[in-house]
Amino acid sequence: MDRSIEIAVNGRRYAFAVDARRSLLDVIRSDLGITSPKYGCGLAQCGACTVLVDGAPARSCVLRAAKVDGAAITTLEGLADASTGALHPVQRGFIEAAGAQCGYCLNGMIMAALALLSDNPDPREDDVRSALRHNLCRCGTHKEIVASVMRAAELMREVAGSAATGDSAAALPQDGEGPSA
């Protein structure tokens with residue numbers, strides 16, 4: 001049975017008639033063409049499908065689209081600044097610390113990292129490992145992923161510090177500058 005829902009995805013509102021059994025992942029990928037959330041296991045075990053629903057990480061492969069009526073959904077595509085194209089500090093952290101190898105887990109790792117850093121801007125490595133424990137990486141880049149989240153935390157604190165002091169230029173280095181991984 002179809003149900004009408006309205007959701008905001010990456011700041012843009014959409015209205016759908018969806019089958020009550022249809023997953024949010026299917027709607028995001030098939031109807032909206034947003035491909036960062038991946039179908040991995042289909043059982044909410046690997047994290048490849050992670051999106052933020054009203055700021056909280058959610059496994060979109062098992063979450064029914066009908067259950068998120070009225071919600072704000074954020075995907076990896078929604079993190080970069082839409083007007084300038086500047087990457088989000090979490091995205092920058094993963095680039096600078098080489099936190100991706102094949103990239104299949106990257107979506108889930110970044111979305112889980114963003115949720116962690118939104119709640120805890122100064123995490124310890126144990127906090128990062130705990131926040132990412134349900135996201136699987138088959139390539140074995142776990143050390144680099146943790147380093148990426150720690151770098152992202154630094155970048156987010158720099159941006160927050162710049163905003164607090166009224167510095168209109170972000171404290172982030174431009175692409176190609178800054179520490180190498």
Side-chain angles (χ1 to χ4, degrees), residues 9-10 24-25 28-29 33-63 73-82 84-163 169-181:
V9 180
N10 300 329
L24 178 60
L25 178 63
I28 289 170
R29 289 184 62 86
I34 296 173
T35 59
S36 62
K38 306 288 187 244
Y39 182 89
C41 65
L43 301 169
Q45 300 296 308
C46 71
C49 67
T50 303
V51 298
L52 299 183
V53 177
D54 293 331
R59 305 300 170 101
S60 65
C61 70
V62 295
L63 181 58
I73 313 297
T74 305
T75 70
L76 188 60
E77 288 88 345
L79 297 186
D81 185 295
T84 66
L87 295 178
H88 187 280
V90 177
Q91 293 169 305
R92 294 286 310 261
F94 272 77
I95 290 169
E96 291 180 13
Q101 191 165 343
C102 81
Y104 206 81
C105 72
L106 192 60
N107 171 75
M109 294 291 187
I110 288 176
M111 300 312 286
L114 179 58
L116 166 67
L117 297 175
S118 295
D119 289 339
N120 180 359
D122 194 17
R124 296 182 331 262
E125 281 193 30
D126 290 355
D127 299 324
V128 173
R129 291 181 191 285
S130 179
L132 301 180
R133 73 185 178 279
H134 297 294
N135 292 67
L136 301 179
C137 172
R138 297 281 180 160
C139 298
T141 59
H142 303 285
K143 182 176 163 185
E144 291 84 358
I145 290 169
V146 172
S148 296
V149 178
M150 299 302 287
R151 177 64 181 141
E154 292 172 9
L155 293 169
M156 287 181 72
R157 287 191 302 270
E158 289 174 17
V159 169
S162 293
L172 294 176
Q174 297 303 308
D175 288 335
E177 296 179 4
S180 60

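The figures here come from the full heavy-atom set of this structure, side chains too, leaving out hydrogens, waters and symmetry mates.
- Between the side chain of Arg129 and the main chain of Val146, no donor-acceptor pair closer than 3.5 Å is present.
- When all heavy atoms of Ala44 and Val62 are compared, the pair lying nearest together is CB-CG2, 3.6 Å.
- Shown here for Gly93 and Leu155, the closest heavy-atom pair between the two residues is N-CD1, 3.6 Å.
- Inter-residue side-chain proximity for Cys105 and Ile145 is flagged as met; some heavy-atom pair is nearer than 4.5 Å.
- For the side-chain hydrogen bond (donor to acceptor under 3.5 Å, both in side chains) test, residues two or more places apart in sequence or in another chain that qualify with Thr75 are Asn10, Glu77.
- Every residue two or more places apart in sequence or in another chain that forms a side-chain contact (heavy atoms from CB on, under 4.5 Å) with Ala147 is listed here: Ala97.
- Listed by chain and residue number, Arg157 satisfy the salt bridge (charged side-chain N to carboxylate O under 4.0 Å, His left out) test with Asp122 (two or more places apart in sequence, or in another chain).
- In this view, Thr35 satisfies the side-chain hydrogen bond (donor to acceptor under 3.5 Å, both in side chains) rule with no residue, not counting sequence neighbours.
- Residue His142 holds its NE2 atom at 10.5 Å from CG of Asn135, rounded to the nearest 0.5 Å.
- Looking at residues two or more places apart in sequence or on another chain, you find no side-chain contact (heavy atoms from CB on, under 4.5 Å) involving Ala82.
- In this structure, Arg138 has no side-chain contact (heavy atoms from CB on, under 4.5 Å) partners at least two apart in sequence or on a different chain.
- The shortest distance between side-chain heavy atoms of Ser60 and Thr50 does not fall below 4.5 Å.
- Residues satisfying the salt bridge (charged side-chain N to carboxylate O under 4.0 Å, His left out) test with Arg124, not counting sequence neighbours, are Asp127.
- Every residue meeting the salt bridge (charged side-chain N to carboxylate O under 4.0 Å, His left out) condition with Glu154, not counting sequence neighbours, appears here in chain and number order: Arg151.
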Pair up each side-chain donor or acceptor in residues 109-117 with any protein partner under 3.5 Å, not counting sequence neighbours, and list the distances.
none

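- Using a 4.5 Å heavy-atom threshold, the side chains of Met156 and His88 count as touching.
- Among residues two or more places apart in sequence or in another chain, the side-chain contact (heavy atoms from CB on, under 4.5 Å) test is passed with Cys139 by Gln101, Cys102, Cys137, Thr141.
- Contact between Gly99 and Leu106 at its shortest, heavy atoms only, is O-CD1, 4.3 Å.
- Asp126 meets the side-chain hydrogen bond (donor to acceptor under 3.5 Å, both in side chains) test with no other residue; sequence neighbours excluded.
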